[in-house]
Amino acid sequence: MSEVENVVIVGSGPAGYTAALYASRANLKPLLVEGDLDPEHHVDLPGGQLMITTDVENYPGFPEGIKGPELMERMRAQAERFGARVETGWVDRVDFSARPFRVWVGDREIAARAVIVATGAAANWIGIPSETELRKTGYVSACATCDGALPHFRNRHVAVVGGGDSAIEEATFLTKFASRVSIVHRRDQLRASKIMQERARQNPKISFVWNSQVVEVLDVAKKKVTGLRLKDALNGSTHVFECDGLFVAIGHTPNTAAFQGRLDLDEKGYIRVRRGSCTSVEGVFAGGDCVDHVYRQAITAAGMGCMAAIDAERWLEANAH
Ligand code: NAP
């Protein structure tokens, strides 16, 4: 085992990078472990969910907007400028039962005086077998930015499932490539913010399919999407809705599997914190989307990363041996 790190930060979204920035400026020389590239590229990218976002228009300080990946590159560069080190890999196991804490990246064991968990959240899937099957073909995706420009979606009719900001954002982005985009929602009201809704309603390529639940993605036998079997939420009847691709945008689940049984999690798997960023284990702090299922914004995640670094710094100072 190598020497004991002051702070290991797990996760490389806005929370992780901001924690790294603050911890490095506090001279703690933090080690940040960023996720590896997910082969299915819908979740867990180094840089987090902003790597699969197009324009970020609500991050203060960028009046013209900024691309998600560029914002993440800038955050990383800023943290590295002050001495943060970034290592690529998956933290798949931790031991918080004794100090120093231990964190494993595959076979590599890292000892740490303090840990900051900033592992974010990942896209949800509908959970039907045909969706799982057709994801393998590339016709079903949870990332328009990653896959929207693929030839089999160009000048085609694609469906987006969901009624939140993500669904609207995905649909709007897809209109750059698709000839037509249908937002399929299980209710008759969107959850998305008014400004996003307005943008979608004004886009001539976007239309809405209300009160509809996807019960099957067609056609597994043909190894491509030819349509959706939709169930009418009002009368229970089903019918086939023709389309050439499916994007799923129905919310997220926190990336906290490695911390199950190690930290106190809520029923959905979000890490419970108190007094800012303190987890159930003294010396382990958490921030960002792995904690927060309410605000889930880049700016709030960054703020929580900052809080976690300040909490860690103060705790380390008070507990210096
Ligand atoms: P969300 O707000 O939780 O919306 C999820 C949507 O998916 C809801 O409309 C929900 O329907 C639907 N849904 C959930 N499970 C479903 C299922 N099994 N089958 C069919 N539909 C299902 O999630 P989100 O859109 O990912 O947004 C998350 C957060 O990020 C929000 O706070 C949002 O404001 C923010 N965000 C902001 C931007 C932006 O400002 N540019 C972009 C993306 C996300 P119900 O409405 O019926 O519950």
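Numbering of ligands and ligand atoms starts at 1, following listing order.
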Test R199 against E57 for salt bridge (charged side-chain N to carboxylate O under 4.0 Å, His left out), laying out the working first. CA-CA 14 Å; R199 215 173 280 177; E57 292 175 333; 3.2 Å; yes

Check whether any N or O atom of G163, backbone or side chain, sits under 3.5 Å from an N or O atom of ligand 1, and answer yes or no. yes

Relative to atom 28 (C) of ligand 1, which among E57, R191, R296, Q297 owns the nearest non-hydrogen atom? R296

Check each of S166, G251, A233, G164 against atom 27 (O) of ligand 1 and report the one with the nearest heavy atom. S166

Minimum distance, heavy atoms only, to atom 5 (C) of ligand 1: which one of V294, I250, T300 is it? I250

Contact check, N58 vs ligand 1, heavy-atom distance below 4.0 Å: yes

Looking at H252, which atoms of ligand 1 are within less than 4.0 Å of one of its heavy atoms? 26 (O)

Verify the distance criterion only: is there a donor paired with an acceptor across the side chains of S141 and D147 at less than 3.5 Å? yes

Taking E70 first and then R74, would you say they form a salt bridge - that is, a charged N and a carboxylate O separated by under 4.0 Å? yes

Kindly confirm or rule out an N or O of R187 lying under 3.5 angstrom from an N or O of ligand 1. yes

Got a sec: does the CZ of R85 have more than 12 other heavy atoms crowding it under 6.0 Å? yes

Taking N255's backbone N and O only, do any of them form a donor-acceptor pair with T119's side chain (distance below 3.5 Å, no angle check)? yes

Pi-cation contact, F96 with R262 (under 6.0 Å, within 45°): no

Atoms in ligand 1 with a heavy atom of Q213 nearer than 4.0 Å: 19 (N), 20 (C)

